[in-house]
Novice: 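One structure, pasted below without further comment.
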Amino acid sequence: MHPLVWNVDPDILSLGAFHLRWYGLFFALGFFLGYLIMTQFYRWEERPLENLSDLFLYLFLCTIIGARLGHVFLYQPDYFLSHPWEIPMIWQGGLASHGGFAGVMISLYLYLRKHRDMSFIELADRLAIPCLLAAALIRVGNFFNSEILGTPSNLPWAIVFARVDDIPRHPAMLYEAAAYFLVFCALYVAYWKTTIIQFPGRVFGTTIATCFLARFMIEFVKENQVPFESRLPLNMGQLLSIPFILLGVYLIYASRRMSQTLAR
C-alpha cells in the first residue's frame, strides 16, 4: 500500500506581494466560528452582544502577538535577538501555541478591565469551547503548510509531505486537530445538555487538562522544532504542557468550591 502524498501549495492565491494562504484562511475561520459560538452563549445567557466585538479584538491581537513572542523566546531566542527586525514577520512562519494560550489569557484580563459582566474564570469557561474549534482549524492550516511534521512511520495512514521530503510520516498536526475537535464537540454538547457551566473552572480546566495531555502524548511522534530539543529529556512542547495539565486538573477539582463561593 503506497502512502498518501501531500503536495498542496500553501498559497490559495498569489498576486505579486499579496499571498492568500490556507493557514490564514483556517485561522480566520476559527475566529469567525468562535465569534458565532460566543454569540450563541451570550444570547442564551442574556448578556450584551456589543461587548463581544471588544473581546474578539483583544483576542485577535493578543493571540497573534503571544504566539509570535512565544516562538521567538521559547524556540529561537538567539536567532531573533540577533535579528530583531524579523520578529514582526509572522508571514514567514513561527507561532507557538503555548504563547498563543498566554495571549488569550492576557486578552481576557484586558477585556474584563473594561467589561465586568462576569469573572475571569467564568469567561474562560465559555471562551474555552470556541477556542478548541479554532485550535483544531489552525492545526489543519499547519497541514496545508506541511509543517509540524511527525516522525517517520510505516502505518497505513502515514503521509509523505512532498514539499519537505519523500519520507512517510505521522500526520501529527492532524492528530492534534482531531483531539481538539473531539474535546470541542464534547464540551459544546455539555454546555447545552448538562450543568457543567454552572461550576466555574470546570470547562476551562477540562479543556486545558485534556488538550495539553493530548499535546504531550502526540509530541512523542513529532519531529523536534529546533535542534536544542534533542538534548532535552522531553521536548519543549512537552515541558511547557506539564504545568497546564496540572492547572487543568486543579481547576476541575476546585470547580465545586468556586461555584459555592461565587453563589454567596
Side-chain angles (χ1 to χ4, degrees), residues 25-67 97 100-140 177 179-212 214 244 247-264:
L25 178 64
F26 283 108
F27 194 98
L29 182 61
F31 271 87
F32 175 71
L33 294 178
Y35 183 88
L36 295 183
I37 292 169
M38 286 296 288
T39 298
Q40 288 182 316
F41 295 166
Y42 268 50
R43 282 178 174 159
W44 175 254
E45 298 175 14
E46 299 181 344
R47 299 183 187 275
L49 290 176
E50 58 270 18
N51 292 354
L52 278 178
S53 297
D54 284 347
L55 174 59
F56 273 77
L57 177 61
Y58 289 132
L59 274 171
F60 183 78
L61 295 175
C62 291
T63 300
I64 293 176
I65 294 171
S97 57
F101 177 86
V104 170
M105 294 299 98
I106 292 171
S107 72
L108 299 195
Y109 168 76
L110 294 174
Y111 169 81
L112 289 171
R113 289 181 62 187
K114 183 177 180 181
H115 305 287
R116 301 181 181 275
D117 53 338
M118 65 182 92
S119 70
F120 182 93
I121 198 67
E122 288 175 311
L123 181 56
D125 277 336
R126 286 151 181 82
L127 191 62
I129 298 174
C131 278
L132 285 165
L133 179 57
L137 289 170
I138 287 170
R139 283 295 182 250
V140 174
Y180 300 156
F181 184 71
L182 289 174
V183 180
F184 160 74
C185 290
L187 290 178
Y188 183 76
V189 172
Y191 174 90
W192 298 107
K193 300 295 185 181
T194 74
T195 60
I196 191 172
I197 202 66
Q198 297 176 18
F199 296 91
R202 188 164 296 182
V203 171
F204 183 48
T206 301
T207 297
I208 60 177
T210 55
C211 289
F212 282 105
F244 292 109
L247 175 61
V249 172
Y250 168 76
L251 288 172
I252 295 170
Y253 174 78
S255 60
R256 183 174 294 276
R257 178 166 51 84
M258 284 192 284
S259 174
Q260 295 169 349
T261 300
L262 290 175
R264 291 173 185 171

Novice: How far apart are the closest heavy atoms of A177 and V140, and which atoms are they?
Specialist: CB-CG2, 4.1 Å
Novice: Please round to the nearest 0.5 Å and tell me the distance separating atom OG1 of T194 and atom CZ of R202.
Specialist: 9.0 Å
Novice: Over all heavy atoms of both residues, which pair between P130 and G34 is shortest? Give the atoms and the distance, please.
Specialist: CB-CA, 3.5 Å
Novice: Got a second to check how far R113's CZ is from L108's CG, nearest 0.5 Å?
Specialist: 14.0 Å
Novice: Show the nearest heavy-atom pair for residues G103 and C62, with the distance to one decimal.
Specialist: O-CB, 3.1 Å
Novice: Are there over 12 heavy-atom neighbours, none belonging to F31, within less than 6.0 Å of that residue's CZ?
Specialist: yes
Novice: Counting neighbours of OH on Y109 that are heavy atoms of other residues, nucleotides or ligands and sit closer than 6.0 Å, is the number greater than 12?
Specialist: no
Novice: For the residue pair Q40 and Y191, confirm or rule out a side-chain donor-acceptor distance under 3.5 Å.
Specialist: no
Novice: Side chains of F204 and I252: does their closest heavy-atom pair fall under 4.5 Å?
Specialist: no
Novice: Would you say I129 and F41 make side-chain contact, with heavy atoms under 4.5 Å?
Specialist: yes
Novice: Does the side chain of L49 come within less than 4.5 Å of M38's, by heavy atoms?
Specialist: no
Novice: May I ask you to check whether E122 and S119 show a side-chain donor-acceptor distance below 3.5 Å?
Specialist: yes
Novice: Could you tell me whether the side chain of R116 reaches within less than 4.5 Å of the side chain of L112, counting heavy atoms only?
Specialist: no
Novice: Hey, could you give me the CD1/CZ distance between I37 and F32, rounded to the nearest 0.5 Å?
Specialist: 10.5 Å
Novice: How are the rings of Y188 and W192 set to each other: parallel, tilted or perpendicular (split at 30° and 60°)?
Specialist: perpendicular
Novice: Please round to the nearest 0.5 Å and tell me the distance separating atom CG of L59 and atom CG of L55.
Specialist: 4.5 Å
Novice: So which atom in S255 and which in F199 form the shortest heavy-atom distance, rounded to 0.1 Å?
Specialist: CB-O, 3.9 Å
Novice: Mind listing the closest non-hydrogen atom pair of M105 and F120 along with its distance?
Specialist: O-CE1, 3.7 Å
Novice: Within the structure provided, determine whether I64 and F27 are in side-chain contact (heavy-atom separation under 4.5 Å).
Specialist: yes
Novice: Tell me whether the rings of F212 and F244 are parallel (<30°), tilted (30 to 60°) or perpendicular (>60°).
Specialist: parallel
Novice: For S53, which residues count as a side-chain contact (heavy atoms from CB on, under 4.5 Å) partner, sequence neighbours excluded?
Specialist: Y35
Novice: As an exercise, state the distance from CE of M118 to CZ of R126, rounded to the nearest 0.5 Å.
Specialist: 5.5 Å
Novice: Verify, without hydrogens or angle tests, whether T210 (side chain) and T207 (backbone) share a donor-acceptor contact under 3.5 angstrom.
Specialist: yes
Novice: Determine whether more than 12 heavy atoms belonging to other residues, nucleotides or ligands lie under 6.0 Å from atom CZ of F181.
Specialist: no
Novice: Given side-chain contact (heavy atoms from CB on, under 4.5 Å), test Y111 with L57 step by step and report yes or no.
Specialist: CA-CA 9 Å; Y111 169 81; L57 177 61; over 6 Å; no
Novice: Nearest 0.5 Å please: distance from the CD1 atom of I65 over to the CD1 atom of I106.
Specialist: 9.0 Å
Novice: Taking atom CD of E50 as the centre, does the number of heavy atoms from other residues, nucleotides or ligands within less than 6.0 Å exceed 12?
Specialist: yes
Novice: Can you spot which of L187, I208, L132, I121 makes a side-chain contact (heavy atoms from CB on, under 4.5 Å) with V203?
Specialist: L187
Novice: Identify the two heavy atoms, one from P200 and one from D125, that lie closest to each other, and give their separation to 0.1 Å.
Specialist: CA-OD2, 3.3 Å
